[in-house]
Participant: 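This is the structure I have questions about; it appears just below.
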Amino acid sequence: MATLRFKALEELFSRMPLEIELPSKNVSDYFGENVFDLPKMERYLSKEAYKVVKRAINEGKSLTRLEADQVATGLKAWATGRGATHYTHWFHPLTDGTAEKHDGFIEIGDNGHAVEKFSGEVLVQSEPDASSFPSGGLRNTFEARGYTAWDVSSPVFIVGTTLCIPTIFVSWTGEALDYKAPLLKALSELDRAAVDVCQYFDKDVNKVMATLGCEQEYFLIDDALYYARPDIVLAERTLMGHQSSKDQQLSDHYFGSIPERVMAFMEDFECEAYRLGIPVKTRHNEVAPNQFECAPIFEEVNLAVDHNLLLMDIMRRVARKHKFRVLFHEKPFAGINGSGKHNNWSMATNTGVNLLSPGKNPKTNLQFLTFLINVIKAVNDSNDVLRASVMNESNSYRLGGHEAPPAIISVFLGTYLINMLENIARKVTDKKMTPAQKTELKLGIGKIPEILLDNTDRNRTSPFAFTGNRFEFRAVGSSANCSASMIILNAAVAYQLTQFKKDVDLIIKKGRTKDEAIFQVLKKYILESERVLFEGDNYSKEWHSEAKKRKLCNIASVPESISLYLTKQSREVLIGSGVFTDKELESRVEVEYEKFTKKVQIESRVLGDLAINHIVPIAIRYMTSLLDNVTGLREVFNDIEFERLAGARKEVIVTISDHISMIKKLVNEMVEERRKANVIEDTYKKALTYESKVKPYLDDIRTHIDKLELVVDNEMWPLPKYRELLFTR
Ligand code: ADP
Ligand code: MG
């Protein structure tokens with residue numbers, strides 16, 4: 001009987017690129033057609049309602065019931081006009097995905113006839129049963145109520161026949177149960193703190209928004225192969241599989257011409273993304289075989305996060321149409337590159353200035369340096385918690401691997417800026433500066449090239465690199481909700497800018513000029529943050545020992561990294577700035593511990609099952625055929641000839657038999673360790689135990705299976721091999 005693997009391969013060989021029909025219009029003609037954006041609001045809302053929503057968006061205000069009713073009427077007209085029959089509050093619970101519960105517009109009127117209805121009340125608030133979402137103990141099941149409330153700053157959109165309303169998700173006592181609520185708080189803190197600092201340089205600045213462009217990496221595999229690999233189906237990564245003889249050694253996939261079937265998929269999902277107003281721009285083959293990347297034009301952070309989550313959803317759906325599966329896991333295949341989601345981040349003012357882009361004169365450049373140095377200081381001081389924000393079970397396989405940023409968070413600036421900072425640190429004194437000193441400093445600063453982009457060195461090994469007009473946070477994992485890292489980064493920078501303002505004002509009060517005060521504080525920050533600046537190879541061994549000397553955080557343990565959310569500094573930044581309450585922060589950490597434990601538990605169960613009922617029986621079957629063969633030889637040949645002929649075969653039998661015994665032994669031990677760990681009540685201790693006692697078995701068992709894969713008859717091997725998963729499409 002043909003194995004599932006061969007059936008899958010056969011199916012795959014018959015695949016053709018899906019014929020897709022792209023709109024015969026320019027992208028600009030249908031971009032955002034499924035989004036209730038400002039132009040559509042203007043058309044569908046009364047003048048008054050339009051004004052109210054616009055104000056609410058700009059000022060982050062909520063609507064009154066009456067105002068909401070007016071908006072709902074226009075919104076319903078637009079949505080039903082486009083064929084929507086249902087609506088949902090769309091939110092981001094602390095799982096890795098999004099959540100939705102659809103309700104029909106339909107209601108039955110007094111006369112028994114159906115009518116479409118949609119009120120302001122259901123637009124702005126809803127009350128989904130929250131009991132099944134992770135809450136880290138914030139909510140008891142008997143008080144399971146959760147509320148979702150409309151986030152007016154992210155526009156409403158239609159997917160299929162459903163009107164989706166982006167919302168925050170909080171418990172009945174007001175604690176955040178999602179990623180969006182704290183993200184909005186962090187962003188508004190950053191806005192406030194950055195505007196205050198901008199006032200030193202430009203009185204016209206009254207709004208600063210953080211910007212984000214996330215480069216999404218992913219793998220594609222064929223649907224049929226996917227179903228033949230239960231580990232990928234259940235754990236999104238291969239828990240076994242011997243390395244393919246050829247994988248990425250030749251770098252021949254990177255930026256290569258995009259395979260036809262993949263291209264059809266890309267065009268199809270991009271088209272749907274455009275309709276939803278997602279500005280995807282860049283697509284290319286990545287380093288590993290069957291690995292690709294998609295990057296949008298950057299947007300305001302909250303919107304960029306929504307768009308990224310929506311994009312992942314679209315990609316998953318469209319992939320199925322093309323008989324592909326898209327894998328967002330950070331490390332689906334051992335031994336080759338994993339996937340990240342580089343977070344390109346900056347800050348922009350209402351006056352159109354990118355605060356991390358050098359300007360035209362000494363004044364704007366001093367503003368640029370001020371923001372640059374404050375970000376560096378924030379990364380230095382909040383190093384631990386930034387690290388915590390990107391660490392989780394799946395990303396732990398990628399971080400520190402040779403293609404990915406290491407677990408140590410350092411900042412890369414490039415020679416030009418490093419020299420600039422050294423200059424400031426050397427030249428600025430605490431004493432009153434002479435006019436000549438001031439002129440010299442300003443002259444130096446005035447010379448920062450307006451476009452640094454072309455002058456910055458690229459350091460691909462850095463987890464947090466300055467790339468000319470933004471920072472690139474590369475440690476973020478491909479499956480992550482970017483909010484996790486964006487909450488921390490923006491809160492940390494907001495906290496830092498608030499400190500900066502205080503420090504500068506204090507010196508001004510002592511009678512120094514504004515510029516002098518700014519320089520003095522910047523100098524102090526540079527000296528205090530030196531340890532986090534690193535220009536060298538982040539993958540090198542030397543860096544690990546150097547980082548240790550510099551007391552930079554380098555913890556390999558996932559639960560231990562997560563616990564860094566609760567250090568004194570993290571609490572001060574996150575709770576002090578009002579982004580989290582004590583309770584919210586602690587519950588979030590609980591959720592992360594639990595997620596980690598459950599993921600290891602699932603992987604361990606899947607591997608145990610596959611090892612015992614997929615691999616071992618096949619290995620035994622092959623061994624039996626070898627034994628039959630040896631018995632046959634024994635009957636036919638005399639002793640001397642038999643020894644000569646059967647020697648190699650007997651060796652293989654012993655090898656197989658040894659691996660089988662080891663697999664059985666290790667699986668039993670692993671199950672026993674799980675049993676012991678499962679009774680631990682404390683979530684942190686349980687996560688640590690799962691990490692130190694259960695997780696190591698995943699690799700140990702795998703090693704034996706992968707060795708068996710090399711000796712067992714290819715015709716019998718049940719699971720698609722790495723070469724098939726990576727090279728067929
Ligand atoms: P790379 O060469 O690093 O692979 P990409 O072109 O793939 O670069 O992605 C760069 C990303 O950075 C894009 O999403 C781009 O929109 C984004 N970006 C550019 N400028 C800014 C900015 N000021 N703020 C945030 N993101 C930005
Ligand atoms: Mg890129």
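As a basis for the values below, the full set of heavy atoms in this structure was taken, side chains included, without hydrogen atoms, waters or symmetry mates. Bear in mind that the values here come from a model prediction, so they are computed numbers and not experimental data. Each ligand, and each atom within it, is numbered from 1 in the order the structure gives.
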Participant: Check side chain to side chain contact (heavy atoms under 4.5 Å, CB included) between S188 and all other residues, then give those that pass, not counting sequence neighbours.
Facilitator: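 Listed in chain order: nothing, the list is empty.
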Participant: Please report the C-alpha distance between W90 and F157 in whole Å, then the side-chain angles of each, then the deciding distance to 0.1 Å, and finally whether the ring-ring contact (aromatic ring centres under 6.0 Å, His included) criterion is met.
Facilitator: CA-CA 10 Å; W90 181 77; F157 56 91; 5.3 Å; yes
Participant: Considering only heavy atoms of N354, which atoms of ligand 1 have at least one such atom less than 4.0 Å away?
Facilitator: 23 (N)
Participant: When you check the side-chain N and O atoms of S479 and E330, is any donor under 3.5 Å from an acceptor?
Facilitator: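 Indeed, the side chains of S479 and E330 share at least one donor-acceptor pair under 3.5 Å.
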Participant: With only distance considered, is H284 within less than 3.5 Å of ligand 1 through an N or O on each side?
Facilitator: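 Among all N and O atoms of H284, none is under 3.5 Å from an N or O of ligand 1.
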Participant: Is the contact between E472 and ligand 1 made by the side chain, the backbone, both, or neither, using heavy atoms and a 4.0 Å cut-off?
Facilitator: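 It is the side chain that touches ligand 1; the backbone stays farther off.
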Participant: With no hydrogens and no angle check, do the side chains of N538 and T461 hold a donor and an acceptor under 3.5 Å apart?
Facilitator: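 Yes, because at least one side-chain N or O of N538 sits under 3.5 Å from a partner of the opposite role on T461.
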Participant: For ligand 1, find out whether one of its N or O atoms is nearer than 3.5 Å to an N or O atom of F298.
Facilitator: yes
Participant: Look only at interatomic distance and state if T282 has a nitrogen or oxygen under 3.5 Å from any nitrogen or oxygen of ligand 1.
Facilitator: no
Participant: Show the atoms of ligand 1 that are less than 4.0 angstrom away from any heavy atom in T211.
Facilitator: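 Taking each heavy atom of T211 in turn, ligand 1 has 22 (C), 24 (N), 25 (C) under 4.0 Å.
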Participant: Which word best sums up how the rings of F368 and F466 line up, parallel for under 30°, tilted for 30 to 60°, or perpendicular for over 60°?
Facilitator: tilted
Participant: If you measure from atom 25 (C) of ligand 1 to every heavy atom of V301, N344, L356, which option wins on shortest distance?
Facilitator: N344
Participant: Tell me, with the steps shown, if F333 and F219 meet ring-ring contact (aromatic ring centres under 6.0 Å, His included).
Facilitator: CA-CA 10 Å; F333 303 98; F219 278 86; 5.2 Å; yes
Participant: What about P296: any of its N or O atoms under 3.5 Å from an N or O on ligand 1?
Facilitator: yes
Participant: State whether Y525 and K377 meet the cation-pi test: NZ (Lys) or CZ (Arg) under 6.0 Å from the six-membered ring centroid, and within 45° of the perpendicular axis.
Facilitator: yes
Participant: Report yes or no: does a heavy atom of E293 sit under 4.0 Å from some atom of ligand 1?
Facilitator: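 It does; at least one heavy atom falls under 4.0 Å.
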Participant: Taking only residues two or more places apart in sequence or in another chain, which ones pass side chain to side chain contact (heavy atoms under 4.5 Å, CB included) with D268?
Facilitator: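 Side chain to side chain contact (heavy atoms under 4.5 Å, CB included) list for D268, sorted by chain: I20, V318, K321, H322.
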Participant: How does I297 reach ligand 1, if at all, at less than 4.0 Å between non-hydrogen atoms: by side chain, backbone, both, or neither?
Facilitator: backbone
Participant: Strictly under 4.0 Å, does any heavy atom of K281 approach an atom of ligand 1?
Facilitator: no
